[in-house]
Colleague: 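One structure follows; several queries about it will come next.
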Amino acid sequence: MKDIIDRIYEEHKELKEFLEKHKEISLSVSTDEIYRKTLLLAISSYFEDRITNCVLEYVQEQTHEKHIISELVRNKFISRQYHTWFRWEEKNINSFLRIFGESFKKYATEKIKDEDLEESIKKFLELGLDRNRLVHQNFAAFSLEKTSDELYSSYKEAIKIIDRLPKLFREFNHI
């Protein structure tokens, strides 16, 4: 199933091919530079939305949706806190998993290893680190070294752990 990131990537490829076909090489290069940055921000924003919604939905399930704990979590734990959940320069998501307790961290770490999701986590963290550099180091002048194909490939790998997180929470409840 295609998502918004797939669409952005495909539109970028089509535009680049069109410009190159019409011998607009300098315009193609300029557009590619902007589009790659946009793709990185779109991926990062998409991941943030998916993960924060995953956490909130889980809390709502556990607290029966309208419970005041849901609002506490939304207002104090989720709102503007996402980027503090991860240590972007590390090679694992232990800081995030530990937020939910040491026993969950241990369980999730074992599942991640069993399911060979380490590469997915690595790509997720690399994208987050690149995003942070982009937005905090002069967006206009920032030189993004990755091609759009590399960004998209990283996205396709990283989405595996994003898709797995909701199941990890729910499975943990049943052990």
Colleague: Using the benzene-type ring in the case of Trp, are the ring centres of Trp85 and Phe77 under 6.0 Å apart?
Modeller: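 Yes - the distance between ring centres of Trp85 and Phe77 falls below the 6.0 Å cut-off.
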Colleague: Could you tell me how the ring of Trp88 sits relative to the ring of Phe86: parallel (under 30°), tilted (30 to 60°) or perpendicular (over 60°)?
Modeller: tilted
Colleague: Identify whether the distance between the nearest side-chain nitrogen and carboxylate oxygen of Glu110 and Lys113 falls below 4.0 Å.
Modeller: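 Answer for the salt bridge query: no.
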Colleague: Are more than 12 heavy atoms from other residues, nucleotides or ligands located less than 6.0 Å from atom CD1 of Ile25?
Modeller: yes
Colleague: Regarding Tyr82 and Asp49, do their side chains bring together a donor and an acceptor under 3.5 Å, going by distance alone?
Modeller: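 No, no side-chain donor-acceptor pair sits under 3.5 Å.
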Colleague: Any donor-acceptor pair under 3.5 Å linking the side-chain atoms of Glu145 with those of Ser143?
Modeller: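 Short answer, yes.
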Colleague: Would you mind checking if Glu119 and Lys91 are paired as a salt bridge, meaning a charged N to carboxylate O distance below 4.0 Å?
Modeller: no
Colleague: Please, which pairs that meet side chain to side chain donor-acceptor pair (under 3.5 Å) have at least one residue in residues 3-14, sequence neighbours excluded?
Modeller: Lys2-Glu10, Asp3-Tyr155, Asp6-Tyr152, Asp6-Lys156, Arg7-Glu11, Tyr9-Asp149, His12-Asp32, His12-Ser148
Colleague: Distance under 6.0 Å and angle within 45° of the ring axis: does Lys37 meet both against Phe139?
Modeller: yes
Colleague: Aromatic rings Phe124 and Phe47: how do their planes relate, parallel, tilted or perpendicular, breaks at 30° and 60°?
Modeller: tilted
Colleague: Please report the C-alpha distance between Glu150 and Arg36 in whole Å, then the side-chain angles of each, then the deciding distance to 0.1 Å, and finally whether the side chain to side chain contact (heavy atoms under 4.5 Å, CB included) criterion is met.
Modeller: CA-CA 10 Å; Glu150 290 169 331; Arg36 285 182 297 123; over 6 Å; no
Colleague: Is any side-chain N of the basic residue among Glu118 and Lys122 closer than 4.0 Å to the acidic one's carboxylate O?
Modeller: no
Colleague: Calculate, to the nearest 0.5 Å, the distance between atoms CG and CD belonging to Asn132 and Glu89 respectively.
Modeller: 9.0 Å
Colleague: Between the side chain of His22 and the main-chain N/O of Glu24, is any donor-acceptor distance below 3.5 Å?
Modeller: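 Judged by distance alone, no pair lies under 3.5 Å.
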Colleague: Any salt bridge between Lys160 and Glu157, counting N to O under 4.0 Å?
Modeller: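 A salt bridge links Lys160 with Glu157.
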Colleague: Measure the acute angle between the ring planes of Phe100 and Phe104, then classify it against the limits of 30° and 60° as parallel, tilted or perpendicular.
Modeller: perpendicular
